[in-house]
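These notes concern the structure reproduced below.
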Amino acid sequence: MMDPCGAVAVLDSAIRRGLTKQELYAECNRQHTDCAAVFHLLPHADQRSENGGESYARAVMTMRLGFAKPQQQVVFVDPLTGRTYRVDYCWRLADGAIIVAELDGMEKYTNPGMTNGRSMQIVVNEEKQREDGLRRAGVSVIVRFTFDDVLHAERLDRKLAEAGVPKAAAEVHV
């Protein structure tokens, strides 16, 4: 009954909390109801999404827009500083290029709980340092997008396509 991309977010959360795909399959079988939608969506579930927004965005990217499935929460080490940076989404291309995408929101710049008392200028400067570190670690392209871009998927489609994110060969679009 849910939007398929929203349902993937629910499945991601269940799996992240320890429910196995086998247990989900078994529960669907016990319900004696048509669980075809769950069986169809379960291969798209990924416990590495840290929140519903990341899950929903990944589902839109792959299921609705047809992009190749990204790796999630990939760690890069800046060879200059030794600092580690974890990215939301990562595609490693056959030619050696690495594209990362980050789901951003204004909250990280304005929410005192996330800024730890730092000014917006300091937070923006730290983001610039982070991007420089990712590039030194081998990242070729960094795509930033908002949840509003996800909701207006044509904007997300354009950003990912312009960055060179490949389309998947045989994805089902919903």
Side-chain angles (χ1 to χ4, degrees), residues 1-13 15-16 37 40-78 84-111 114-115 120-174:
M1 294 181 358
M2 290 183 83
D3 162 55
C5 295
V8 167
V10 172
L11 289 171
D12 283 358
S13 178
I15 292 169
R16 190 172 48 255
H40 172 74
L41 294 175
L42 203 47
H44 297 279
D46 189 330
Q47 73 276 4
R48 293 172 295 177
S49 285
E50 292 187 335
N51 58 59
E54 285 183 9
S55 297
Y56 190 86
R58 188 192 73 251
V60 168
M61 286 180 213
T62 60
M63 294 170 53
R64 194 167 291 158
L65 299 176
F67 286 99
K69 186 175 181 179
Q71 295 176 291
Q72 287 193 258
Q73 307 309 327
V74 175
V75 174
F76 290 90
V77 178
D78 180 344
T84 60
Y85 301 105
R86 194 163 37 113
V87 300
D88 295 334
Y89 310 96
C90 178
W91 294 267
R92 296 176 189 272
L93 307 187
D95 67 1
I98 299 172
I99 302 169
V100 301
E102 298 278 78
L103 175 58
D104 284 333
M106 286 304 297
E107 190 172 11
K108 74 177 178 182
Y109 300 104
T110 59
N111 180 336
M114 295 183 79
T115 64
M120 187 181 300
Q121 182 59 42
I122 290 172
V123 174
V124 168
N125 186 47
E126 288 172 350
E127 277 299 308
K128 167 83 169 78
Q129 291 174 8
R130 182 178 189 276
E131 286 190 4
D132 291 345
L134 286 169
R135 286 192 177 87
R136 286 190 296 267
V139 171
S140 310
V141 180
I142 300 169
V143 179
R144 296 193 164 283
F145 66 95
T146 65
F147 198 74
D148 197 50
D149 292 329
V150 175
L151 296 176
H152 297 92
E154 70 282 354
R155 296 191 323 224
L156 180 59
D157 185 63
R158 186 178 62 253
K159 287 181 178 188
L160 296 176
E162 287 175 357
V165 175
K167 293 283 185 162
E171 283 293 332
V172 176
H173 305 291
V174 293

Are [X] and [Y] close enough that some pair of their side-chain heavy atoms sits under 4.5 Å apart?
X    : Y    : answer
V139 : F76  : yes
V87  : R130 : yes
L156 : V60  : yes
R58  : K69  : yes
H152 : E154 : yes

Does [X] use its side chain to pair, donor to acceptor, with the backbone of [Y] at less than 3.5 Å?
X    : Y    : answer
D104 : R144 : no
Q72  : D46  : no
W91  : A68  : yes
S140 : I99  : no

Might you point out which heavy atoms bring [X] and [Y] nearest each other, and give the distance in Å?
X    : Y    : answer
D88  : E54  : OD1-OE2, 3.1 Å
V150 : A57  : CG2-CB, 3.7 Å
A101 : L160 : CB-CD2, 4.4 Å
I98  : G138 : CD1-O, 3.6 Å

Sequence neighbours excluded, the answer for salt bridge (charged side-chain N to carboxylate O under 4.0 Å, His left out) partners of R136 is D78
When rounded to the nearest 0.5 Å, the distance separating CZ of R64 from OH of Y56 is 4.5 Å
When rounded to the nearest 0.5 Å, the distance separating CD of Q71 from CZ of R92 is 5.5 Å
Can you name the residues that form a side-chain hydrogen bond (donor to acceptor under 3.5 Å, both in side chains) with [X], not counting sequence neighbours?
X    : value
R86  : E50, Q73
D149 : T146, R155, K159
S13  : R17
Y89  : none

Among all residues two or more places apart in sequence or in another chain, which pass the side-chain contact (heavy atoms from CB on, under 4.5 Å) test with [X]?
X    : value
D157 : L65, F67, K167
R135 : E131, I142
A7   : M2, L41

Do S49 and R16 have side-chain atoms, one donor and one acceptor, less than 3.5 Å apart?
-> no
Practice problem: Walk me through it: do L103 and F145 pass the test side chain to side chain contact (heavy atoms under 4.5 Å, CB included)? | Solution: CA-CA 5 Å; L103 175 58; F145 66 95; 3.4 Å; yes
